[in-house]
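Input: a single structure, listed below in structure tokens.
Excluded from the calculations below are hydrogen atoms, water molecules and symmetry mates; all remaining heavy atoms, backbone and side chain alike, are included. Numbered from 1 within each chain, the chains take letters A, B, ... in sequence-line order.
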Amino acid sequence: MNINKLENWYADHHRKLPFRETKDPYHIWVSEVMLQQTQVETVIPYFERFIKRLPSIHDLAAIEEEKLFSLIQGLGYYRRFKNLHKAAKIVVTQHKGIFPSSFKEVRKLPGIGDYTAGAIMSIAYNKPYNATDGNVIRVLSRLMNINDDMRIDKNKKQITAINQSFIEKANPNIYTQAIMELGALICRPIHPKCKLCPLNSECLAYKNNLQNTLPNLSKKPEKKLIQYKVFIIRDNNYLYLRKRKEKLLGGMYEFPQFEEDLLPFDYHVIKVLGHKKHIFTHLIWEMKALEVKLISEPLDEWIKISIDDLKLYPMATAHKKIANLL
DNA sequence: AAGCCGGGGCC
DNA sequence: GGCCCAGGCTT
């Protein structure tokens, strides 16, 4: 690869982003965790609010988990932030609050895998450790015309090795951001802008008109459908929520919802508030929201809150949609 | 190696 | 409706 062309292209065309204004490893780390499986445009407002509220890793280590969840509600993959929180406490207690600077120590922290460790090492510390994400896999599988299924670990590792060989000849900080930026702006999943690409003269996919068939990503399994009745249980100015203990959306609050017809409480329906659908990675929720009056006793796991306090409880997007029906 | 874990943007 | 993701952890 002509690394100079890539780095020069980055110098001229990169987006100005809030997490590119800093070299603070804590800030880079927070941004990279937010960016896992999440688009830049989605992350920006969350990142700015997060850093304003928690400017240092000590602030993150000290915050209550529920307040942390309120800050990031809507971003998805909430376990990322349980791990982020846990890792901040480790850095404060075991590294005197100084974010570690060796790959080995960084990679050990919970929630930091190969990609995130490489991103932190290269972007924050300018060290030659590759950060190979979905963008890089797309760019390099096209550039080298590699048609192997990139959902298979072994094939991803092949790209990782190539990316590592490049970063060792590059300016690590610029290179890592440049190849991902190229993937985001030029070498896009659909409608890649090959005519504007600084690497088009050496791209084997472009040469063979295969840019629209690479990377080769095998199909994912079908999503399973689950239908829920969601209960808006009103009692004057109060209603009931529960905190999810499931792995899916764990820690977020929701209106009580049940899949089956046989329920552990009695109620009258006051009104059908509406139907909402929410699509996850591996399943689909179809939710029928019912405003009801409770006849029997509430369940122990429910908490009774004032309607005015609803916004104080972190909720995932599926149940935000239900809350918007109120 | 496969399954689990969110959400938004695009066509 | 179906496609795409700036991954990591568990089993």
Item to check | Salt bridge A:K5-A:E202, side-chain N to carboxylate O under 4.0 Å | outcome: no
Side-chain N or O of [X] less than 4.0 angstrom from OP1 or OP2 on [N]?
X      : N     : value
A:H282 : B:dC5 : yes
A:R79  : C:dC9 : no
A:Y78  : B:dG7 : yes
A:Q36  : C:dA6 : no

Checklist entry - How far apart are the closest heavy atoms of A:L17 and A:I44, and which atoms are they? => result CD2-CD1, 3.9 Å
Measure the distance from [atom1] on [X] to [atom2] on [N] and round it to the nearest whole Å.
X      : N     : atom1 : atom2 : answer
A:R151 : C:dC3 : CZ    : C1'   : 10 Å
A:L283 : B:dG3 : CG    : P     : 14 Å
A:M34  : B:dG8 : CE    : C1'   : 16 Å
A:I279 : B:dC5 : CD1   : P     : 17 Å
A:K224 : B:dC5 : NZ    : P     : 11 Å
A:K82  : B:dC5 : NZ    : C1'   : 13 Å
A:M150 : C:dC5 : CE    : P     : 12 Å
A:R142 : C:dC4 : CZ    : P     : 11 Å

Checklist outcome for this item: Assert: residue with more 5' nearest nucleotide on DNA chain C, out of A:L17 and A:K247, is A:L17
Next on the checklist: By nearest heavy atom, map A:K223 and A:K156 onto DNA chain C; which one lands nearer the 5' end?
Outcome noted: A:K223
Item to check | Counterpart residues, salt bridge (charged side-chain N to carboxylate O under 4.0 Å, His left out), relative to A:K67 (two or more places apart) | outcome: A:E64
If you look at every strand shown and take non-hydrogen atoms under 4.0 Å, does [X] touch a base, only sugar-phosphate, or nothing?
X      : value
A:R244 : nothing
A:R138 : sugar-phosphate
A:K277 : sugar-phosphate
A:G183 : nothing

Checklist entry - When you measure from the centre of the six-membered ring of A:Y240, is the NZ or CZ of A:R242 under 6.0 Å away and within 45° of the axis? => result no
Any donor-acceptor pair under 3.5 Å between the side chain of [X] and the base of [N]?
X      : N     : result
A:T38  : B:dG6 : yes
A:D153 : B:dA1 : no
A:T281 : B:dG6 : yes

Item to check | Exercise: do A:T38 and A:R80 side chains pair donor with acceptor under 3.5 Å | outcome: yes
Next on the checklist: If we count only N and O atoms by modelled type, under 3.5 Å, do the side chains of A:N130 and A:Y175 hold a donor and an acceptor together?
Outcome noted: no
Next on the checklist: I need the A:I174 CD1 to A:S122 OG distance, nearest 0.5 Å.
Outcome noted: 10.5 Å
Checklist outcome for this item: Judged by nearest nucleotide, the residue sitting upstream toward the 5' end of DNA chain B, A:R80 or A:I152, is A:I152
Determine yes or no for a side-chain-to-main-chain donor-acceptor pair under 3.5 angstrom, with [X] supplying the side chain and [Y] the backbone.
X      : Y      : result
A:R244 : A:L248 : yes
A:R142 : A:Q211 : yes
A:H319 : A:P256 : no

Item to check | Verdict with supporting geometry, A:R138 and A:N135, side chain to side chain donor-acceptor pair (under 3.5 Å) | outcome: CA-CA 5 Å; A:R138 189 169 57 254; A:N135 282 314; 2.5 Å; yes
Item to check | Minimum-distance nucleotide (side-chain atoms of A:P189 versus C:dC4, B:dG7, B:dG6) | outcome: C:dC4
Checklist entry - B:dG6 and C:dT11: how far apart are their P atoms, nearest whole angstrom? => result 16 Å
Next on the checklist: Would you measure the distance from the P atom in C:dA6 across to the matching atom in B:dC5 and give it in whole Å?
Outcome noted: 22 Å
Can you name the atoms? Protein N/O to nucleotides 9-11 of chain B N/O, anything below 3.5 Å, with the distance.
none

Next on the checklist: Please give me every residue in residues 105-126 of chain A whose heavy atoms get under 4.0 Å of an atom in DNA chain C, ordered by residue number.
Outcome noted: A:P110, A:G111, A:I112, A:G113, A:D114, A:Y115, A:T116
